[in-house]
Amino acid sequence: MGALLRAFWGIIPITAIALPYALLCWPLLAARRRRRSSISLGHASATAAVDVTAVTIGALVLCLVIMPVGAASGSTLDLVPGADLAAALSDDGSLWQVVGNLLLLCPLGALVPLRLRRLRSISRITLTALSASVLVEVTQFLIHSGRVTSTDDVLLNTIGATLGAALTRRGWRYFDVVPVVAIPQQVRRTVCNAPVRLRVPRSVWDTRYAGIGHRERR
């Protein structure tokens, strides 16, 4: 537990500062979307909440990556698969480290497919999380933040994002806006603009139609 606090203690005040701004941006973004489009207030609020949450978590993950750990002057590189995981699961290890790596990209894996249609696939989410995790570990090693750059961290981060995407898979299309199909207006066409004059012979008029206007002629 002490190792977990040393590794994540610096992110706590940053989270406390970021949360009020996120809560402020949520209704503002929802009102802007409501004003610029014809979606309902509930849909605008839900999509704004997902977007603000994803951006906030992404910013916190970035801060956690570049934040140095204690007074460490360099990073440790461990490329042996399973070595770091076995050390964490041993008697002297910390299980919280495994849990933290699983949860690092899990929220993003759950939220991103809700808004990006191109990533609505478990395989695409897995490849994206793998690429992001490799980028995170390389960044940690290059900036010498004092953290351990491990292949097990890449594996755990990818698994966490994949699990998050699997949890929200049924609701990926919940926030999609169904386009309104415009029904073309029916235009009444006139066959002939000129008045039609029917010429009826005098004999036919006298026998059939004369009695309509003059009943005494019937």
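Keep in mind that the numbers below use all heavy atoms, side chains included, and drop hydrogens, waters and symmetry copies.
A 4.5 Å side-chain heavy-atom check between N101 and D152 finds every atom pair outside the cut-off. Counting only heavy atoms from C-beta outward, the side chains of L135 and T139 approach each other to under 4.5 Å. Residues I125 and P113 form a side-chain contact, since some pair of their non-hydrogen atoms from C-beta on lies under 4.5 Å apart.
Formation of a donor-acceptor pair under 3.5 Å by the T47 side chain with backbone atoms of A44 is found in this model. Panel note: side chain R115, backbone D51; no donor-acceptor pair is recorded below 3.5 Å. Counting only distance, with no hydrogens or angles, the side chain of W26 and the backbone of A48 share no donor-acceptor pair below 3.5 Å.
Considering all non-hydrogen atoms of both residues, S133 and N157 come closest at OG-ND2, 3.1 Å. The nearest pair of heavy atoms linking A54 to L111 is N-CD1, 4.0 Å. Closest heavy-atom contact between A129 and L105: O-CD1, 4.0 Å. Counting all heavy atoms, side chain and backbone alike, T149 lies closest to F141 at OG1-CB, 3.3 Å. When all heavy atoms of L108 and G58 are compared, the closest pair comes out as CD2-N, 4.1 Å. In plain terms, the two heavy atoms of G171 and L114 that are nearest each other are O-CD2, 3.1 Å.
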Original post:
After noting the C-alpha distance and the side-chain angles of V154 and T158, does the key distance pass the side-chain contact (heavy atoms from CB on, under 4.5 Å) rule?
Top reply: CA-CA 6 Å; V154 175; T158 305; 4.3 Å; yes
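The hydrophobic cluster containing V138 also contains L130, counting ILVMFWY residues as joined when their side-chain heavy atoms lie under 4.5 angstrom apart, directly or transitively. In the hydrophobic clustering of ILVMFWY residues, with side-chain heavy atoms under 4.5 Å counting as a link, L104 and L60 come out together.
Under a cut-off of 6.0 angstrom, the local environment of CH2 in W172 is crowded, with over 12 non-hydrogen atoms contributed by other residues, nucleotides or ligands. Heavy atoms from other residues, nucleotides or ligands lying under 6.0 Å from CZ of R33 number more than 12.
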